[in-house]
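Some notes on the structure that comes next.
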Amino acid sequence: MTDSNTQSAPRGDVHRWSRTLIPTTREAPSDAESAGHQLLVRAGYIRRVGAGMYNYLPLAWRVLRKVSQIIREEMNSAGAAEMLMPALEPIELMKQTGRDEAYGDNLFRLTDRHGRTIALAPTHEEIITDMMKGAVSSYKQLPINLYQIQTKFRDEFRPRSALLRGREFIMKDAYSFHTTIEGPGGLNEAYDAMHRAYVNIFTRCGLDFTVVEAESGPIGGSASHEFMVNCESGEDTILRCPQSGYAANVEKCETGERKWSFEGDPTGDLDKVHTPNLPGIEEVGKFMKVKPPNMLKTIVFQTATTPQPSPPGRGQGEGSLISSSSPTSSPSSSPPSSGQGKGSSSTASSPTWILTVVRGDHEVNESKVKDAAGAPVQIADEKQAKQAGFAIGYVSPRAILERTGAILIIDPDAARAIDETKGKPMFWATGADEPDHHVKHFNWRRELGAILDDPSRVKVADIRNAMAGDPSPRAEGATLEAARGIEVGHIFKLGTKYSEAMGFTVLDQSQQRNPVIMGCYGVGVSRTMQACVEMSHDDDGIVWPHAIAPYHVHIIPMKLEPDSEHMRTAEKLAKELSENGLDVLIDDRDERPGVKFKDADLIGCPLRITIGDKALEQGCVEVKKRSEGGKGEMVKVEEAVRVI
RNA sequence: CGGGGUGUAGCGCAGCUUGGUAGCGCGUCUCGUUCGGGACGAGAAGGUCGUAGGUUCAAAUCCUAUCACCCCGACCA
C-alpha cells in the first residue's frame, strides 16, 4: 500500500486466462520438428506468419521482455548505454565496408519510391560507426559502449526451426569503442566486462550453457567467444576438455600434440587402380576396399583473391585502402579486390598453390590452413586449378614435386609411415594425379624424397577440424569430448576493421589521428527463448526457469462462480503474490480440470496452485512445482504466499 | 542455389492411381448430461481443393505453367 513497499518489490502482474490469448493445441503443426518449436506453438507462444516470420503472442512477449530486462540490467551495470538505431539502412553505408557484397543474398534489400536501395539491417556496425564518427572526435570521449535491443533482418537461405533461425529476429547488439587494446579503458577491459556480463545474463536466465572459444578476429588470439546453450538438438558442435575446462567450437578447436614421422618402410609397390566415376572418398574407399582412415585427401588451396565471405574474416590489408568516409567516395559497387590492394599484384598473375593433406576421414579447416600458410587462402578455383594441371579429385601429395612455387601442408595424422596401433608400416591410398585413378601403397619418403626435409616447401601442422577423442590441447593425456549447443551469444574483438573502412578516427594526446578500436557483442534474444525450451522441457510441456517464465504462478480454481470460495481464494492469493513481485496467471476458463492441468503443464509456469474442495475443507491449497512430479503438497492458505 | 517433398475447413490428415454429390479426427457454436489429468450424447456452422491456363459433357483427381511452404547440403544471434 505504501510507496516504499512497491519500490522495493515491484508489483507483479495478475492476469486472467480468459482475458489474454493463449491458444493451446493438442497437435503441433507439421513443419515443427524440434521439441522447442513444437512446444512454443502448441503452448500458444508463437504462430507462424511466413517462412522465418513469427508472431510473438502474449506469453512469448512476456518471456522476451524478461530476457530483455535481464540483458538491460547486466549491460547497464557493465557500463553500457542503451540506444535504438533504425532497422532501415542506406545501402551506401554497407558499401563502405564492402559488407553489401560480403553479406550477399543474406541482406534484405528494398527499393524506395525514388529508386534508392535500402537495406534492412542485419547488424549495425556501419550505422553506429557512422554515427559515432559524427559525434566523437577526441580520445577523451572514449571508451564508450552502446547497445540496443532490436529486430534484425537476414534473408536466410533456409529459415529453420522457428526462432532458432528466422529471417526476422530480436537481437541485443552492443558496440564498444576504444583508443587502446590493453589497459584501463581498452578493448580488452570492455571485452572481459562483456564476457562477465554474458555469463551473468545466461546464468540469471537459468540456462545451462558453455562458453567456447570461437573463430578469432583480425586481432588474433582468443578474440572471440560464443555462448552455447547445452542441448543435444543444437546445430553447433563444440569440443570440451574435461580436465582443463577448455572448450571451443569445432572450427576453432585446437588439438594437443600428435606424433608424426615420414620414416617407415613401404607396404608394397605403388599400385595404380582405375576408379571411374566415384565422387567421394567414401565411394572410392569402398571400391578399392580401403577405409577412409587409410586414405590421404589432398585439397588444393590458393592465395585469396576475393574478400572472405564472412564479415569479420577479411584481410587486414583491405580496410586501410579506404581512408575517406563520405558515402560518395566509395567506388561504385565493385568488390574491394579491384585496384591498388597490396595482394592484387600477386593474384593478378597466378595464385600461389597450397596443397593440404589430411586423412580421408578428416576435414580440412580453412582458417587453420590460413594460419599454417601465414596468408589468407581460399579453396582453389576448380577451373584455374585444372588449367594449372591439377587432377582435381585425384590429386596426391606428389603434386608438389613439379611445382616450384607451391607449398605442401600435411596434418600430423596424415604424416605417418608407421601404424602405431598395429606396429606395422602404414598403408596409404591416395590419388594418382590423373583423372579416374588412385594409387595404393603410398609411402611418404619413397614418393616425395628429399623435399620433405625442406621447411620452405613442406610443413606439418594441425590443419583439420578437431574431433571427439583427439588429444586435449590444454591437458596432457586428456581427450576432447564432443557436445551439441545452440549459440545464443557471441562476443568479438573487431579491431579497426570498421573504423578504418569508414574513416572513424580520434585525436590522441599527441594530436595524432588514430582509427578507433572496436568490439561487438551480440545476444540472440528470441533465439534464447527457444533455446531455453529446447533445453528445458518434458513430455508434457515447457519447464521454465523462474527468471524468464511468463508467469511465476499459475492458479487453477476449480469453481468459477465469482463469489465462490475458490475464486475468492484465488484472487486473494494472486493479490498477495503480486505484491511480492510475482506474476500470476489465473485460469478462469470454464473448462474441465483435466484440460486445465494439461494446459498448465504445457505452458510451463514454475509453480501451480490448485484450489479445490478437498483442500479448502482443511484450509489448504495445493502447491506444485512444474519441475517435479506428483500432486504437489497441501499448504495452508495463509502460509501459501510465504512458502512460495 | 542443387536434391527430395507438400499445398483439400482454424489445426492434423484421407480422397488423386482408375475424372462423376468434398470426407475423417481435433477444434468452434447450440442444447442436455458430466466435472481432480485433454468427458459423453444430439444437433449446427465452416472449404474459391495454392493460383492461372488447358484437356473433357464433367477436373481436388489428367496436362502445362506459376506461386507458396517444408525437409537434406554452404553462413550466422
Side-chain angles (χ1 to χ4, degrees), chain A residues 23-34 37-38 41-42 44 47-53 67 71 102-107 122-124 149-174 198 201-202 214-215 224 226-229 235-236 249 251 280 308-313 366 379 485-492 520-531 540-541 556-560 566 589-602 608 610-616 622 624 629-632:
Chain A
T24 59
T25 64
R26 205 180 297 220
E27 286 182 278
S30 55
D31 62 306
E33 293 236 306
S34 70
H37 186 178
Q38 291 181 5
V41 175
R42 283 192 54 215
R47 284 286 170 98
R48 200 174 71 88
V49 176
M53 306 180 283
V67 174
I71 292 172
Y103 254 100
D105 290 336
N106 267 3
L107 186 67
T123 64
H124 282 70
I149 296 174
Q150 191 223 31
T151 299
K152 300 279 190 261
F153 300 88
R154 287 182 200 172
D155 193 0
E156 294 284 350
F157 261 133
R158 196 178 138 219
R160 194 189 315 185
S161 232
L163 273 31
L164 292 186
R165 183 179 307 187
R167 295 200 290 177
E168 174 181 330
F169 55 96
I170 301 172
M171 175 174 163
K172 187 280 307 183
D173 48 327
Y198 275 39
I201 288 167
F202 296 122
E215 269 311 310
S224 179
E226 289 171 338
F227 293 73
M228 299 283 199
V229 170
E235 285 189 315
D236 292 289
N249 198 310
E251 282 104 45
Q308 310 282 30
S310 65
E366 188 172 318
I379 288 274
I486 300 169
E487 182 187 357
V488 290
H490 197 161
I491 57 177
F492 217 101
C520 78
Y521 318 94
V523 174
V525 178
S526 43
R527 178 183 276 188
T528 296
M529 173 169 72
Q530 186 172 339
D540 293 316
I556 301 182
M558 287 293 138
K559 292 187 177 148
L560 301 172
H566 292 210
R589 292 174 303 166
D590 184 14
E591 284 289 353
R592 299 168 60 81
V595 174
K596 293 188 172 194
F597 292 141
K598 284 287 184 191
D599 277 347
D601 288 345
L602 238 195
R608 188 181 89 195
T610 309
I611 303 174
D613 282 329
K614 286 173 223 159
L616 273 183
E622 286 163 44
K624 177 183 176 299
K631 292 223 159 188

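Chain letters run A, B, ... following the sequence lines, proteins first, then strands; residues in each count from 1. Both backbone and side-chain heavy atoms feed into the values below; hydrogens, waters and symmetry mates do not.
Here A/V595 lies in heavy-atom contact (under 4.0 Å) with a base. Using a 4.0 Å heavy-atom distance criterion, A/G489 is classed as a sugar-phosphate-only contact. Nucleic acid contact class of A/D173 (heavy atoms, under 4.0 Å, all strands): none. Residue contacts for A/R48: at a heavy-atom cut-off of 4.0 Å it reaches the sugar-phosphate backbone alone, with no base atom in range.
Among residues two or more places apart in sequence or in another chain, the ring-ring contact (aromatic ring centres under 6.0 Å, His included) test is passed with A/H490 by A/F492. Taking A/D599 as the reference, A/W17, A/T24, A/R589, A/V595, A/L602 meet the side-chain contact (heavy atoms from CB on, under 4.5 Å) condition, with sequence neighbours excluded. Listed by chain and number, the residues in a salt bridge (charged side-chain N to carboxylate O under 4.0 Å, His left out) with A/E235 are A/R160, A/R165 (sequence neighbours excluded). Residues passing the ring-ring contact (aromatic ring centres under 6.0 Å, His included) test with A/F227 are A/H195, A/Y198, A/F202, sequence neighbours excluded. Partners of A/D613 according to the salt bridge (charged side-chain N to carboxylate O under 4.0 Å, His left out) rule, which considers only residues two or more places apart in sequence or in another chain, are A/K559. In this view, A/R42 satisfies the salt bridge (charged side-chain N to carboxylate O under 4.0 Å, His left out) rule with no residue, not counting sequence neighbours. Residues passing the side-chain contact (heavy atoms from CB on, under 4.5 Å) test with A/T151 are A/F153, A/E168, A/I170, sequence neighbours excluded. For the side-chain contact (heavy atoms from CB on, under 4.5 Å) test, residues two or more places apart in sequence or in another chain that qualify with A/Q150 are A/L84, A/A87, A/H124, A/Q148, A/K152. A/D236 pairs by the salt bridge (charged side-chain N to carboxylate O under 4.0 Å, His left out) definition with nothing, not counting sequence neighbours.
Under the stacking criterion of a centre-to-centre distance below 5.5 angstrom and an interplanar angle below 30°, A/F169 sits stacked against the six-membered ring of B/A77.
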Table of protein N/O atoms under 3.5 Å from nucleotides 27-30 of chain B N/O atoms:
| residue | atom | partner | partner atom | Å |
| --- | --- | --- | --- | --- |
| B/G27 | OP1 | A/R26 | NH2 | 3.4 |

Give every pair of a protein N or O atom and an N or O atom of nucleotides 5-12 of chain B that lie under 3.5 Å apart, one pair per line with the distance.
| residue | atom | partner | partner atom | Å |
| --- | --- | --- | --- | --- |
| B/G12 | OP1 | A/S30 | N | 3.3 |
| B/G12 | O2' | A/E27 | OE2 | 3.1 |

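Across B/C11 and B/U64, the matching C1' atoms stand 32 Å from one another, rounded to whole Å. Only the C1' atoms considered, B/G3 is 27 Å distant from B/U61, to the nearest whole Å.
With B/A77, B/G38, B/U34 as the candidates, the nucleotide lying closest to the side chain of A/T24 is B/G38.
Residues of residues 520-529 of chain A having a heavy atom closer than 4.0 Å to RNA chain B, listed by number: A/G524, A/R527.
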